[in-house]
Structure formats: structure tokens, C-alpha cells
Amino acid sequence: MERTKVIDLLRREDYGAEVNVKGWVRTKRGSKAVNFVALNDGSTIKNVQIVVDVNKFDDETMRNIATGSCLSVEGTLVKSQGAEQSVEIQANKIEVYGTADGYPLQKKGHSMEFLREHANLRMRTNTFGAVFRIRHNMALAIHTYFHEHGFYYWNSPLITASDCEGAGQMFQVTTLDLKNPPKTKDGEIDYSQDFFGAQTSLTVSGQLEGELAATALGAIYTFGPTFRAENSNTPRHLAEFWMIEPEIAFMDLKELMDLEEDFIKYCIKWALDNCMDDLQFLNNMIDKGLIERLQGILKDDFVRLPYTEGVKILEEAIKNGRKFEFPVYWGCDFASEHERYLVEEHFKKPVIMTDYPKEIKSFYMKINADNKTVQGTDVLFPSIGEIIGGSVREESYEKLTNRMKELDMRLDGYEWYLETRKFGTCPHAGFGLGFERLILFVTGMSNIRDVIPFPRTPKNAQF
RNA sequence: UCUCCAAUAGCUCAGUUGGUUAGAGCAUCUGACUGUUAAUCAGAGGGUCCCUGGUUCAAGUCCAGGUUGGAGAGCCA
């Protein structure tokens with residue numbers, strides 16, 4: 001008999017039909033004569049109720065049907081007598097594919113910390129099923145958005161020899177014998193003998209390569225893993241995370257902000273349109289304000305706030321008695337308490353902050369006419385902080401290399417990048433979106449380790 | 001990396017000022033129950049109180065160091 005997925009089964013009304021359903025047992029309950037098994041196959045957060053007439057099955061089968069075990073059930077689709085589901089299956093034949101003695105997950109709630117230690121099994125819980133179905137949907141929304149807007153999906157390398165991309169500490173990639181590496185005459189490690197003939201690392205960003213692609217294909221985006229060897233121990237950082245980095249030729253600052261806002265709203269609308277069952281569950285169990293907050297994002301325009309205006313607002317707040325741990329002055333890098341004040345207290349909606357002092361931003365950002373600020377944008381969201389960092393890129397070879405020299409950066413090693421500015425340079429812009437931070441916001445989960453299947457954090461690469 | 005907090009049964013947690021045999025709910029097992037919704041009811045089994053050292057007649061409880069986890073900060077996406 002052909003298998004029917006739970007999601008399809010629950011929509012059917014052809015009572016009396018013989019059906020086959022396969023899935024994992026969430027709970028079993030009942031009395032002497034009749035048992036009820038809640039079966040889930042991952043196609044939806046909802047379970048299908050299997051009604052088991054205990055007398056029709058042998059003791060061993062009944063014993064093997066327990067939380068976590070895997071079943072194939074043939075039975076009759078009937079209208080449910082119970083109140084909490086419309087249809088159920090009256091079991092005629094049950095095959096136990098796999099028993100689950102000692103299954104660590106129980107039907108009562110578990111802490112997120114406990115489930116993290118069982119990351120190999122936690123996808124089988126309601127919460128993580130919902131999170132990963134939404135994660136899939138967000139990936140689909142991202143690809144769909146860019147495809148519909150004329151962007152090409154393009155891949156930057158994960159292994160790089162640029163030793164100072166500047167975005168963070170890097171993981172080294174080597175096949176050298178760590179106990180006995182080859183040395184040069186002056187005692188340094190001889191990387192010419194390494195696999196790539198040079199010192200290499202995992203990438204911290206595909207942006208520089210993305211810029212090359214934008215000057216050829218017009219508009220591209222990358223969507224892949226990124227690696228940071230920072231010793232960050234927070235609910236918002238991972239050592240291995242996924243990043244979306246679009247890069248667009250002929251785009252200016254206003255168009256960049258329009259893109260950032262439109263893109264993120266598209267993703268959130270996608271979730272509301274396509275993931276309501278899962279969002280409803282998360283709204284009930286994890287975060288009571290979730291759906292309202294997502295709808296709120298769609299309603300308002302994001303605030304567009306030049307850095308200098310932001311400083312004024314914060315100075316005004318301090319004058320009115322607001323206390324901050326860190327001082328505010330023009331030129332300071334905002335601490336998260338400052339960003340949170342602006343987003344969560346002052347404006348109460350997302351803020352796109354722009355035109356930062358060049359000293360606190362990266363070398364590649366386009367310098368404004370004032371020669372003090374650069375056309376960088378940070379999209380700041382309530383509760384999770386910076387979700388997007390982007391900028392218009394400096395397209396002038398002269399200005400870009402001058403800035404690099406000011407920052408004591410070595411130009412050799414960047415020739416391939418700087419040639420974009422030598423050969424047909426163009427105004428262009430782009431941004432980076434942390435995929436897991438988007439998932440955090442859309443699911444209402446509070447720790448980034450719980451929105452990626454197998455989190456990589458300092459001292460943790462299990463599974 | 002810094003600051004603060006935590007670690008007791010498979011899970012979630014209680015454990016008084018240091019004091020006899022460390023408890024509860026859930027889970028598991030046994031039994032009861034004519035349709036349950038985290039089913040219910042009765043009973044049973046289940047402990048390296050994170051590790052090492054110290055104080056004390058006596059440590060789950062106090063002290064020191066460590067490990068692991070969490071929150072905040074920094075770094076950032």
C-alpha cells in the first residue's frame with residue numbers, strides 16, 4: 001500500500017479509506033482495551049492519532065510501541081471521536097521498524113541545554129522540527145527573492161590564502177605534520193610545502209570575491225558557510241555559520257537600504273505565509289509575542305538613521321537622565337546598549353544606521369565627501385542586534401589604496417581584488433546577512449545554537 | 001577573553017543555620033481502568049549530590065582550585 005504523509009492525511013475527508021502511514025511515536029496513552037499513539041513523520045508539526053485496539057495485536061508489538069520507536073501503520077481513515085483532531089487511523093496492521101529502548105527524549109518538556117547535548121535526536125522534538133522546517137523555508141525564500149530580482153547565485157571559495165581579510169580570526173587549513181612541520185632556513189614554517197603552497201585558512205567572508213562577480217554578472221549573491229575562530233561565547237555567535245552576501249553593480253546607498261529592507265521583509269512575509277503551523281507552535285511554547293512582532297516588522301518602514309543623528313539622540317537621552325555603561329561621543333563605536341536603546345526604546349522598530357566614522361568601519365567602504373564618514377549600513381533589529389552589515393564599496397583605486405595604506409595593510413595579496421578598480425571599475429554595493437540570526441528572529445528562539453542542526457562553538461564540535 | 005550565576009535520580013527541580021537512612025513530579029517497570037489528548041489511579045526499582053583538595057566530631061550544604069553549562073560584556077553576522 002502506498003504511504004501517505006501525515007500532512008496530507010490530516011487534510012483528507014474520505015473516511016473509510018485504507019491508508020498507510022509511517023513515522024515516529026511521540027506518545028502512547030490509553031487504557032486496557034484501546035491505546036492512542038501520536039505518530040509524526042516530520043512533514044508537519046501535527047501528529048496523526050493512531051487508534052489501537054489492544055486485543056488485535058500481540059503483547060510484544062504493543063510493548064515495542066513506545067516514545068521514539070518507528071512504525072508503519074496500515075489502517076482505516078476515520079472521523080475522530082476525540083476533540084483535538086478531526087481524523088484518525090483505526091489500526092489494522094502495525095509493523096515496528098525500530099524499537100527505542102532507552103530513548104532519551106521524553107514527552108515532557110526538556111531544557112534547551114539538555115537537547116543540545118542530544119543534537120543528533122533533537123530534530124525529533126516539536127520545537128526543533130518547527131525550527132528546521134522554517135530554516136528550510138527561509139533558504140527557499142532567499143533563493144526565490146534573489147532569483148526573482150535578477151541576481152545570480154554564485155559561490156565564493158571556502159578556503160582562502162588572503163591572510164588578512166580583517167573580519168576576524170581564521171581557522172588555518174593545512175596538511176602539514178603539526179608535530180614536525182617543515183622549516184625554512186630562518187626557522188619559520190615552510191608553507192611552500194603545504195597543500196596549496198601557501199598558508200591557507202577557512203574564509204571569514206566571500207565579499208571580496210563577490211565584488212569580482214558583481215563586476216561581471218551585475219548582481220550576485222552567495223549563500224554558504226563562513227568560519228570565525230573568535231572565542232565568542234554568546235547566544236548570537238557561532239564559529240561556523242551561514243551567510244548570505246549579495247553584491248550589486250551600479251547600486252548606491254539609498255538603493256542598498258531599499259534592498260536590505262525589502263529583502264528582509266520578503267523573508268518574514270514568506271514565513272508568515274508558509275510556516276503558520278510552526279510559527280503558531282513557537283508562539284505558544286517559546287515566545288508569546290512572536291507572530292505579532294513579525295507582523296509588526298512588515299507594517300512599518302525601517303528608520304534610516306545617519307550615525308551623527310544617532311549620537312545626538314543618545315546624547316539627548318543622557319541629558320534626560322538615561323544611564324549607559326559606555327560613553328557616547330562622535331567617533332565612538334556604539335555598544336550594544338546604545339543600539340538597543342535606539343531600536344527597542346527610542347524608535348521601537350528596526351533601524352538602518354548609516355554614514356559611520358571611517359575609523360570604526362572596514363577599509364573597503366565608500367568614503368563620503370566630508371572625508372570623515374563612510375557609506376556603511378547596519379540593520380539593527382530588536383533583541384538580536386545587528387542582522388545585516390553592508391556598504392557601498394569604494395570604487396576609486398586611488399582612494400581605496402590610500403585607505404589601505406593608512407591602515408597599514410599590505411597591498412600585495414590583494415592585487416586580484418584591486419584589479420576590479422583598475423579595469424572598468426564601477427559603483428557597487430552589497431551586504432552580509434547572518435542566516436542563523438535571521439532564523440533566530442523568525443523563530444523567536446533565544447540561542448543561536450538552537451537554530452542550526454549541529455552548532456560549532458568554542459570547545460564544542462560534537463556530532 | 002572578562003564579569004556574574006549554576007551543576008543533586010534518565011529528565012525538571014526541592015533539599016532549612018553544616019547533623020540520623022538525600023526527596024517530589026515526570027520517565028521506566030508491574031498492576032488497575034470501555035476513547036485518550038503531557039490520560040488517570042496504585043505500587044516498585046532507580047543516586048560517584050560535577051571533579052580534586054581543604055575546614056570540621058560531622059559537608060549535598062562552608063572554603064580553594066579545576067571542568068562543564070548558562071546569562072551579560074567584548075568581537076561580530
Side-chain angles (χ1 to χ4, degrees), chain A residues 26-38 46-55 63 66-68 78-85 88 90 100-118 125-126 165-169 203-207 225-245 260 285 324-326 333-340 360-362 377-381 384-390 431-441 446-452 457-460 462:
Chain A
R26 285 295 170 74
T27 71
K28 182 173 82 166
R29 55 180 174 263
S31 59
K32 193 178 189 178
V34 62
N35 275 6
F36 302 91
V37 177
K46 292 175 180 163
N47 304 323
V48 66
Q49 173 156 286
I50 313 293
V51 184
V52 184
D53 181 348
V54 174
N55 298 320
R63 210 172 28 249
T67 302
V78 297
K79 202 173 168 71
S80 180
Q81 298 171 30
E84 307 210 354
Q85 59 279 319
E88 62 192 20
Q90 201 82 43
D101 285 349
Y103 185 61
L105 305 186
Q106 298 164 12
K107 50 185 162 183
K108 269 192 97 162
H110 289 291
S111 68
M112 291 298 154
E113 291 80 9
F114 173 78
L115 291 171
R116 235 167 265 155
E117 289 170 11
H118 296 274
T125 63
N126 286 332
E165 290 192 31
Q169 289 290 112
T203 186
V204 292
S205 165
Q207 180 197 317
T226 305
F227 308 88
R228 304 270 167 95
E230 300 287 350
N231 191 8
S232 294
N233 293 288
T234 84
R236 293 179 303 281
H237 290 85
L238 291 165
E240 175 184 295
F241 63 100
W242 289 65
M243 189 151 65
I244 294 96
E245 295 185 286
E260 290 171 343
M285 304 299 289
F324 293 108
E325 190 186 341
F326 296 98
D333 204 353
F334 287 165
S336 40
E337 58 174 345
H338 304 133
E339 295 178 350
R340 293 185 73 127
I360 60 173
K361 287 290 175 187
S362 300
T377 67
D378 282 359
V379 180
L380 306 176
F381 258 43
I384 58 169
E386 184 181 344
I387 194 166
I388 284 180
F431 66 79
L433 169 91
F435 187 50
E436 284 77 17
R437 290 197 179 166
L438 175 67
I439 309 298
L440 262 188
F441 187 77
S446 48
N447 193 311
I448 202 163
R449 292 161 207 178
D450 301 327
V451 297
I452 189 168
T457 51
K459 302 223 161 72
N460 183 14
Q462 218 194 333

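Note on naming: letters A, B, ... go to the chains in the order of the sequence lines (proteins, then strands), and numbering restarts at 1 for each one.
With hydrogens and angles ignored, the 3.5 Å screen pairs a side-chain donor or acceptor of A:Asn447 with a backbone N or O of A:Arg449. Although no hydrogens or angles enter the test, the distance criterion places no donor-acceptor pair under 3.5 Å between the side chain of A:Ser232 and the main chain of A:Thr234. Side-chain atoms of A:Glu337 come within 3.5 Å of backbone N or O of A:Glu325 as a donor-acceptor pair.
Within 4.0 Å of A:Glu240, counting heavy atoms only, lies no atom of the nucleic acid at all. Within the nucleic acid shown, A:Glu436 has no heavy atom closer than 4.0 Å to any nucleic acid atom. Within the nucleic acid shown, A:Phe241 comes within 4.0 Å of at least one base atom, counting heavy atoms only. Backbone-only engagement by A:Gly432 is indicated by non-hydrogen atom pairs under 4.0 Å involving sugar-phosphate atoms exclusively. Backbone-only engagement by A:Arg449 is indicated by non-hydrogen atom pairs under 4.0 Å involving sugar-phosphate atoms exclusively. If you check every strand for non-hydrogen atoms under 4.0 Å, A:Thr234 touches a base. If you check every strand for non-hydrogen atoms under 4.0 Å, A:Ile387 touches sugar and phosphate atoms only. No contact: A:Thr226 has no heavy atom under 4.0 Å from any strand. Contact annotation for A:Leu105: no contact, since no heavy-atom pair falls under 4.0 Å across all strands. A:Ala66 comes within contact range of no nucleotide atom at all, as no heavy-atom separation falls under 4.0 Å. Within the 4.0 angstrom heavy-atom criterion, base atoms lie near A:Gln90.
Residue A:Ile384 contributes atom CD1, which lies 17 Å from atom C1' of B:G72 at whole-angstrom precision. What separates CZ of A:Arg26 from C1' of B:A27 is a distance of 17 Å, to the nearest Å. Distance, A:His118 NE2 to B:A27 P: 18 Å, rounded to whole Å. Look at CG on A:Asn126: it is 17 Å from P on B:U37, rounded to the nearest Å. Distance CG (A:Asp378) to C1' (B:A77): 10 Å, rounded to an integer number of Å. Straight-line distance from the CZ atom of A:Phe36 to the C1' atom of B:U40: 13 Å, rounded to whole Å. Distance A:Ile448 CD1 to B:C76 P: 16 Å, rounded to the nearest Å. When the P atom of B:U30 is taken as reference, atom NZ of A:Lys32 falls 15 Å away, rounded to whole Å.
With B:C76, B:C11, B:U1 as the choices, the nucleotide that has an atom nearest any side-chain atom of A:His237 turns out to be B:C76. Residue A:Gln85 places its side chain closer to B:U36 than to any other of B:A38, B:G35, B:U36. Comparing B:C11, B:G35, B:G70 against the side chain of A:Gln49 picks out B:G35 as the nearest. Checking B:C33, B:C75, B:A77 against every side-chain atom of A:Glu230, the shortest atom distance belongs to B:C75.
Ring centroids of A:Phe326 and A:His338 are separated by 6.0 Å or more, keeping the two rings apart.
The C1' atoms of B:C50 and B:U67 are separated by 8 Å, rounded to the nearest whole Å. The gap from the P atom of B:C33 to that of B:A42 amounts to 16 Å, rounded to the nearest Å. Between B:A24 and B:A44, the distance separating the two P atoms is 10 Å to the nearest Å. Spacing of C1' atoms, B:U8 relative to B:C13, comes out at 9 Å, to the nearest Å. Separating the P atom of B:U1 from that of B:U61 is a span of 28 Å, rounded to the nearest Å. Taking atom P on both B:C63 and B:G18, the two are 10 Å apart, rounded to the nearest angstrom. Separation of the P atoms belonging to B:G25 and B:C41 is 10 Å when rounded to the nearest angstrom. Taking atom P in both B:G60 and B:U16, one finds a spacing of 12 Å when rounded to whole Å.
Mapped onto RNA chain B by nearest heavy atom, A:Glu117 and A:Ser111 fall at different nucleotides, with A:Ser111 at the one closer to the 5' end. Ranked by how close their nearest RNA chain B nucleotide is to the 5' end, A:Phe435 and A:Lys459 are led by A:Lys459.
An OP1 or OP2 oxygen of B:U36 is reached within less than 4.0 angstrom by no side-chain nitrogen or oxygen of A:Arg29. Within the structure, a side-chain polar atom (N or O) of A:Ser336 is placed less than 4.0 Å from OP1 or OP2 of B:A73. The side chain of A:Arg63 places no N or O atom within less than 4.0 Å of a non-bridging phosphate oxygen (OP1 or OP2) of B:C29. Residue A:Thr27 places at least one side-chain N or O closer than 4.0 Å to OP1 or OP2 of B:A39.
In this structure, A:Asn460 and A:Arg116 have side chains that are not in contact, with every pair of non-hydrogen atoms separated by 4.5 Å or more.
With a cut-off of 3.5 Å on both Watson-Crick or G-U wobble distances, the partner of B:A58 is given as none. B:C41: Watson-Crick or G-U partner is B:G31, with both key distances under 3.5 Å. Searching all strands for a Watson-Crick or G-U wobble partner of B:G25 with both distances below 3.5 Å returns B:C11. When Watson-Crick and G-U wobble pairs are counted only if both distances are under 3.5 Å, B:C4 pairs with B:G70. If you check B:U52 for Watson-Crick or wobble pairing at under 3.5 angstrom, you find it paired to B:A64.
Below the 3.5 angstrom threshold, one finds a donor paired with an acceptor across the side chain of A:Gln106 and the base of B:G10. Side-chain N/O atoms of A:Arg228 and base N/O atoms of B:A77 include a donor-acceptor pair closer than 3.5 Å. A:Glu113 contributes no side-chain N or O that forms a donor-acceptor pair with the base of B:G70 under 3.5 Å. Side-chain N/O atoms of A:Asn233 and base N/O atoms of B:U1 include a donor-acceptor pair closer than 3.5 Å. One cannot find a donor-acceptor pair under 3.5 Å joining the base of B:G72 and the side-chain atoms of A:Glu325. Residue side chain A:Arg437 reaches the base of B:C76 through a donor-acceptor N/O pair under 3.5 Å, judged by distance alone. Judged by distance alone with a 3.5 Å cut-off, a donor-acceptor contact links the side chain of A:Ser232 to the base of B:C75.
Evaluated for a side-chain contact (heavy atoms from CB on, under 4.5 Å) with A:His237, the options A:Glu436, A:Glu230, A:Arg228, A:Arg437 yield exactly one hit, A:Arg437.
For the atom pair CD of A:Glu117 and NE2 of A:His110, the computed distance is 12.0 Å after rounding to the nearest 0.5 Å. One distance of note links OG1 of A:Thr27 with CD of A:Gln106; it measures 13.0 Å at 0.5 Å rounding. Residue A:Phe324 holds its CZ atom at 12.0 Å from CZ of A:Arg340, rounded to the nearest 0.5 Å. Atom-to-atom distance recorded for A:Leu105:CG and A:Phe114:CZ is 6.0 Å, nearest 0.5 angstrom.
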